[in-house]
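Below: the structure, in structure tokens.
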Amino acid sequence: MEVIITQWALDSYLDLKRQNVFSDSEFDTIIKPDGLLLLAYPNHPKFNNNKFWSPAQDKNGVIISDGYKMKWHNVGNGKVQLRLPVGIINGIAFLCQAYVKSDDKIEKLKLAKFKDHLKLIQLNRHTVKGRLI
């Protein structure tokens, strides 16, 4: 599967990095390798693990069409929960705005923004900053 890094994903990576949410080591040994698993989606056991991968849901608990979440627990010195929304549209994975899940309210706000991002991707109104290979 082709994996697109959107401007939203790049900006959030840089922001989370600036905040020291995760270490270089965590990124290189955990987060990046997990992201690369999307190249073989859905043919990896991690995609069957609900603690790592799940459909994204809106504030009403309705599954967001084409929307998923990668999830990491106990990341960084602050031991936060890191989320990476991923849109899968026409066989292409789009990495969107990553965030720290600090509570359910923040999660709902971030997933509402993710729904908007998916609409913009479908309208080809997004910026591609790179691809995972």
Side-chain angles (χ1 to χ4, degrees):
M1 170 177 295
E2 183 176 7
V3 181
I4 302 290
I5 301 167
T6 67
Q7 182 73 56
W8 306 302
L10 177 59
D11 289 347
S12 62
Y13 163 79
L14 293 172
D15 188 45
L16 293 167
K17 185 76 177 126
R18 206 172 12 258
Q19 295 175 44
N20 294 314
V21 170
F22 50 81
S23 68
D24 290 340
S25 175
E26 284 176 307
F27 183 78
D28 291 339
T29 61
I30 300 166
I31 299 167
K32 183 177 178 181
D34 282 348
L36 290 169
L37 294 176
L38 287 166
L39 295 169
Y41 178 82
N43 299 318
H44 191 281
K46 273 194 146 178
F47 293 114
N48 294 322
N49 179 349
N50 196 44
K51 291 186 183 283
F52 169 73
W53 178 261
S54 67
Q57 297 180 3
D58 69 13
K59 65 181 179 181
N60 299 316
V62 176
I63 292 177
I64 298 170
S65 181
D66 303 320
Y68 301 89
K69 294 184 298 185
M70 283 188 150
K71 304 179 273 190
W72 296 274
H73 304 272
N74 299 316
V75 173
N77 291 335
K79 301 299 182 199
V80 299
Q81 295 184 52
L82 184 63
R83 301 292 187 260
L84 176 60
V86 178
I88 298 182
I89 300 169
N90 297 325
I92 300 171
F94 294 86
L95 306 183
C96 291
Q97 184 179 17
Y99 60 94
V100 171
K101 179 187 175 189
S102 53
D103 60 43
D104 286 337
K105 183 178 176 183
I106 295 294
E107 174 113 63
K108 289 175 182 176
L109 288 171
K110 295 296 185 177
L111 291 175
K113 185 173 277 193
F114 176 46
K115 280 177 72 170
D116 291 339
H117 290 165
L118 290 174
K119 289 175 189 172
L120 291 170
I121 290 167
Q122 290 168 338
L123 294 170
N124 201 28
R125 294 181 50 205
H126 63 287
T127 302
V128 175
K129 297 310 283 185
R131 290 173 169 76
L132 296 183
I133 54 173

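Quick caveat, the model's predicted, so the values are computed rather than measured.
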Next on the checklist: Quick check on Lys105: does its NZ atom have over 12 non-hydrogen neighbours (other residues, nucleotides or ligands) under 6.0 Å away?
Outcome noted: no
Item to check | Within one Ile-Leu-Val-Met-Phe-Trp-Tyr cluster: Phe47 and Leu84, side-chain cutoff 4.5 Å | outcome: yes
Checklist entry - With the 4.5 Å side-chain cut-off for hydrophobic clustering, are Val3 and Phe94 part of the same group? => result no
Checklist entry - Donor-acceptor pair, Asn60 side chain versus Val62 backbone, under 3.5 Å? => result no
Item to check | Distance in Å, Ile64 CD1 paired with His117 NE2, rounded so as to fall on 0.5 Å steps | outcome: 12.0 Å
Item to check | Minimum-distance pair of heavy atoms, taken over all atoms of Ala9 and Ile5 | outcome: CB-CG2, 4.1 Å
Item to check | Minimum heavy-atom distance Tyr99-Pro85, with the two atoms named | outcome: CE2-CG, 3.7 Å
Checklist entry - Short question: side chain of Glu26, backbone of Gly76 - any donor-acceptor pair under 3.5 Å? => result yes
Item to check | pair Ile121-Trp8: side-chain heavy atoms closer than 4.5 Å | outcome: yes
Next on the checklist: Can you confirm whether Met1 sits close enough to Ile88 that some side-chain heavy atom of one is under 4.5 Å from a side-chain heavy atom of the other?
Outcome noted: yes
Item to check | Heavy atoms of other groups near Lys46 NZ, more than 12 under 6.0 Å | outcome: yes
Checklist entry - Only one of Leu10, Ile4, Asp11 clears side chain to side chain contact (heavy atoms under 4.5 Å, CB included) with Lys129; which? => result Leu10
Checklist entry - Could you state the interatomic distance from CD (Gln81) to NZ (Lys101), rounded to the nearest 0.5 Å? => result 5.0 Å
Checklist entry - Crowded around Asn77 CG? As in, over 12 foreign heavy atoms under 6.0 Å? => result no
Next on the checklist: On a heavy-atom basis, which atom in Leu111 and which in Lys69 lie closest, and how many Å separate them?
Outcome noted: CD2-CD, 4.1 Å
Next on the checklist: Is any side-chain heavy atom of Thr6 closer than 4.5 Å to one of Val128?
Outcome noted: no
Checklist entry - How many angstroms lie between atom CG of Asp28 and atom OG of Ser23, to the nearest 0.5 angstrom? => result 8.5 Å
Checklist entry - If every non-hydrogen atom of Ser12 is compared with every non-hydrogen atom of Cys96, which pair is closest and at what distance? => result OG-O, 4.1 Å
Checklist outcome for this item: Taken to the nearest 0.5 Å, the spacing of Asp24 CG from Lys32 NZ works out to 11.5 Å
Please tabulate, for the side chains in residues 48-56, all donor-acceptor contacts under 3.5 angstrom to protein atoms that are two or more places apart in sequence or on a different chain.
residue: Asn49; atom: OD1; partner: Lys51; partner atom: N; Å: 2.8
residue: Ser54; atom: OG; partner: Lys71; partner atom: NZ; Å: 3.0

Next on the checklist: Any heavy-atom pair between the side chains of Val80 and Val21 that's under 4.5 Å?
Outcome noted: yes
Next on the checklist: If I take atom NZ from residue Lys119 and atom CG from residue Asp66, how far apart are they, to the nearest 0.5 angstrom?
Outcome noted: 12.5 Å
Item to check | Test: Lys113 and Asp116 ion pair at under 4.0 Å | outcome: no
Next on the checklist: Any heavy-atom pair between the side chains of Leu132 and Leu95 that's under 4.5 Å?
Outcome noted: yes
Checklist entry - Any side-chain heavy atom of Glu107 within less than 4.5 Å of one from Arg83? => result yes
Item to check | For Gly87 against Leu118, the heavy-atom pair lying closest together | outcome: CA-CD2, 3.5 Å
Item to check | Enclosure of Lys17 NZ (heavy-atom neighbours >12, cutoff 6.0 Å) | outcome: yes
Checklist entry - Of Asp34, Leu38, Leu39, which is the lone residue that meets side chain to side chain contact (heavy atoms under 4.5 Å, CB included) with Leu36? => result Leu39
Checklist entry - Applying the 4.5 Å side-chain criterion to the ILVMFWY set and letting contacts propagate, would Ile133 and Phe27 be lumped into a single cluster? => result no
Checklist entry - Quick one: does Phe114's side chain get under 4.5 Å of Tyr68's, heavy atoms only? => result no
Item to check | Same apolar cluster (I L V M F W Y, side chains within < 4.5 Å links), Leu123/Ile92 | outcome: no
